[in-house]
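Notes follow the structure.
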Protein chains: 2
Amino acid sequence: MERIEIPPDIVIRRLPLYARSLRYLLDEGIQFVSSQELGERINVTASQIRKDLSFFGEFGKQGIGYDVAKLLTHIEHILGLSQDWPMVLVGVGHLGQAIVHYEGFYTKGVKLVAIFDNDPAKLGQHIGEFPVLSQEHISPVVQTHSVKMAIVAVPAPQAQSVTDSLVEAGVRAILCYAPVILQVPDGIYVRYIDPITALHSMTYYLAREEERENQEERA
Amino acid sequence: MERIEIPPDIVIRRLPLYARSLRYLLDEGIQFVSSQELGERINVTASQIRKDLSFFGEFGKQGIGYDVAKLLTHIEHILGLSQDWPMVLVGVGHLGQAIVHYEGFYTKGVKLVAIFDNDPAKLGQHIGEFPVLSQEHISPVVQTHSVKMAIVAVPAPQAQSVTDSLVEAGVRAILCYAPVILQVPDGIYVRYIDPITALHSMTYYLAREEERENQEERA
DNA sequence: TAGATTGTTAATCGATTAACAATC
DNA sequence: TAGATTGTTAATCGATTAACAATC
């Protein structure tokens, strides 16, 4: 068990998928799972799962596979999900409101603690249990709660400056819903939620197919 | 200009980012951009941009760079955004409603034509301009409008069966908001919007940092 | 022309997969 | 024990980058 090699980011990004699948297996009452079976569920090769896990230790039993509950606990621990990371949301438009209401976010590992918006019409209003605070309060709230994680759901033109405030205040990880690439200092982690870009990459294939169909017609 | 090599999917996924950045440049009134400058905006190397574009043709001028408007037109054409692909949405909970209201979706390339949900309380209601239709109507609507693209925003347990109906009806590309991996036949394109997984991959790094800080404290 | 930047090739880097000894 | 499956190594595959001749 060498421990020198640090796991590549791409492996880190797959771990949450493994965890999620293991949670479903647990719900189904399945006790053991092989890398083969787990792989089939998430469209990943058995080799890849075993290789990914090998960065963190040895969790399986030859001839048996993995104990679902134990492996899940291990992965959640590796991912830092044994604690709840306090999180803030900036931007409470339609999207921000859907985020506040989305049960998915009330999950292991993260905990929303405050929401911010600069629209005077929204200030003081409650969304779910959270009062909408002005963005001036970002810095004190982030510092008071040691918030390291934030969701940016403001319109594109404001995303960079909001990000700058968050980072300045001490946030280290940002989930960005705005259609922009954020410029952040080294050591700040950013992930994007970008449905339009995802759609636009699929239209490419639809267009290719249509082209092919038209060619066949003409032939 | 060889045309034998087919562009890898990872290149196709970057094209929409290039397009988006070019749109911003156009808004700013910038006429020419080098691969270097474009790369800096989206945190990608100049080499990568030039290599990516080379799969599709020669769009730049030595010594000058790329004509922003022209390159954008080229990329949009490549991505199949010269036409609007009709699209349906299945699932009109908080999330689905936010999607219907999100202006970002009223963009070049895709056009929402119908929304579906099986909640009897919602049937017949309007969300924006769209009446909520029962899922029985998926197949006829998809076939009538030749819909090839769909958004799945139903709860996880229903996502696979909804997907099956969509594919059966003729949909070829799916944007999935449910936290599951869909099983689809070859030649069906799926992209996932998965904020929780994104958060859970960042907590990994936060946890590592915290560990490091604690070690320093002890030292 | 001189300077800048492309398009493309080859080198490098990194990720995935196949294979198998170890072992439950 | 026999069968199954792990963890790990080495081979393969693919993507990124550096470098540079071509050329605007």
Side-chain angles (χ1 to χ4, degrees), chain A residues 1-18 21-22 25 30-72 74-75 78 181 201 204, chain B residues 1-18 21-22 25 30-72 74-75 78 181 201 204:
Chain A
M1 201 192 74
E2 272 292 351
R3 232 209 278 64
I4 298 171
E5 229 178 329
I6 76 159
D9 183 62
I10 196 153
V11 171
I12 303 308
R13 285 173 189 247
R14 276 193 295 262
L15 292 184
L17 298 178
Y18 300 163
S21 190
L22 290 166
L25 287 164
I30 294 170
Q31 259 200 326
F32 291 92
V33 69
S34 67
S35 54
Q36 179 71 36
E37 292 162 336
L38 187 58
E40 279 164 14
R41 291 193 166 231
I42 50 188
N43 297 341
V44 146
T45 64
S47 268
Q48 184 159 75
I49 292 176
R50 297 204 301 277
K51 175 82 165 125
D52 284 355
L53 295 178
S54 77
F55 283 100
F56 307 98
E58 306 188 356
F59 307 110
K61 270 206 182 66
Q62 282 99 329
I64 308 287
Y66 301 88
D67 181 308
V68 171
K70 280 191 191 161
L71 181 55
L72 176 57
H74 277 300
I75 294 182
I78 292 164
I181 303 293
S201 71
Y204 170 84
Chain B
M1 200 193 75
E2 273 292 354
R3 232 208 278 66
I4 297 170
E5 228 178 328
I6 75 160
D9 184 62
I10 195 152
V11 171
I12 303 306
R13 285 172 188 249
R14 276 192 296 260
L15 292 184
L17 298 177
Y18 300 162
S21 189
L22 290 166
L25 287 165
I30 294 169
Q31 259 201 325
F32 290 92
V33 69
S34 67
S35 54
Q36 180 70 35
E37 291 162 337
L38 187 58
E40 279 164 13
R41 289 193 169 232
I42 52 189
N43 297 341
V44 146
T45 64
S47 268
Q48 184 159 76
I49 291 176
R50 296 204 302 277
K51 175 82 166 125
D52 284 356
L53 295 178
S54 77
F55 283 101
F56 307 98
E58 306 188 357
F59 306 111
K61 270 205 182 63
Q62 283 98 329
I64 309 287
Y66 301 88
D67 179 310
V68 171
K70 281 190 189 161
L71 181 56
L72 176 56
H74 277 300
I75 294 180
I78 292 164
I181 302 294
S201 70
Y204 170 82

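Here is how names work: the chains are called A, B, and so on, in the same order as the sequence lines, proteins then strands, and each is numbered from 1.
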ask   = At under 4.0 Å, does any side-chain N or O of A:Thr45 touch on OP1 or OP2 of C:dT16?
value = no
Please table the atom pairs, donor to acceptor, closer than 3.5 Å between any side-chain atom in residues 42-51 of chain B and protein atoms at least two apart or in another chain.
{"unit_1": "B:Thr45", "atom_1": "OG1", "unit_2": "B:Gln48", "atom_2": "N", "d": "3.1"}
{"unit_1": "B:Arg50", "atom_1": "NH1", "unit_2": "B:Ser35", "atom_2": "OG", "d": "3.0"}

key: Least distance between heavy atoms, B:Ile78 atom then A:Tyr204 atom   = O-CD1, 3.3 Å
query = Under 4.0 angstrom, heavy atoms only, what part of the nucleic acid is B:Ser34 near: base, sugar-phosphate, or nothing?
reply = sugar-phosphate
query = Atom CG of A:Leu71 and atom C1' of D:dT5: how far apart are they, to the nearest Å?
reply = 14 Å
key: Distance in angstrom units between A:Asp52 CG and D:dT8 C1', rounded   = 14 Å
inquiry  = Let's see if you can work this out: which of C:dT8, C:dT6, C:dT17 has an atom nearest to the side-chain heavy atoms of B:Ser35?
reply    = C:dT6
query = Are A:Asp52 and A:Tyr18 side-chain neighbours, meaning at least one heavy-atom pair lies under 4.5 Å?
reply = yes
task = Mind telling me whether B:His74 and B:Phe59 have parallel, tilted or perpendicular rings, with 30° and 60° as the class edges?
result = tilted
ask   = Choosing from C:dT6, D:dT17, C:dC20, which nucleotide comes nearest the side chain of A:Arg50?
value = C:dC20
query = To the nearest angstrom, how far is B:Gln31 atom CD from C:dT5 atom P?
reply = 16 Å
note = Rounded to whole Å, CG of B:Asp67 lies from C1' of D:dC24 at a distance of 14 Å
query = Residues from residues 9-18 of chain B sitting under 4.0 Å of DNA chain C, heavy atoms only?
reply = none
query = Going through the distances and angles, do A:Leu72 and A:Leu25 end up as a side chain to side chain contact (heavy atoms under 4.5 Å, CB included)?
reply = CA-CA 10 Å; A:Leu72 176 57; A:Leu25 287 164; over 6 Å; no
ask   = Which distance, rounded to the nearest 0.5 Å, do you find between the OG of B:Ser34 and the NZ of B:Lys61?
value = 15.0 Å
remark   = To the nearest angstrom, the CZ-P distance between A:Phe56 and D:dG7 comes to 13 Å
Side chain to side chain contact (heavy atoms under 4.5 Å, CB included) assessment of A:Val11 paired with A:Phe56 = CA-CA 11 Å; A:Val11 171; A:Phe56 307 98; 4.0 Å; yes
message = For a stem of at least 3 consecutive Watson-Crick or G-U pairs with distances under 3.5 Å, i pairing with j, i+1 with j-1 and so on, which stems involve DNA chain C?
response = C:3-24 with D:3-24
Length of the CG-P vector between B:Leu38 and C:dT5, whole Å = 13 Å
ask   = What is the distance from CD of B:Gln48 to C1' of C:dT6, rounded to the nearest Å?
value = 16 Å
request  = Hey, which sits more toward the 5' end of DNA chain C by its nearest nucleotide, A:Gln62 or A:Pro8?
outcome  = A:Pro8
task = Tell me whether the OP1 or OP2 atom of D:dG7 has a side-chain N or O from A:Tyr66 closer than 4.0 Å.
result = yes
task = Go through the steps for A:Ser201 and B:Leu15 under the test side chain to side chain contact (heavy atoms under 4.5 Å, CB included), then give the verdict.
result = CA-CA 7 Å; A:Ser201 71; B:Leu15 292 184; over 6 Å; no
request  = Check whether more than 12 heavy atoms from other residues, nucleotides or ligands sit under 6.0 Å from atom CD of B:Glu40, and answer yes or no.
outcome  = yes
message = Measure NZ/A:Lys61 against C1'/C:dT23 and give the value in whole Å, please.
response = 12 Å
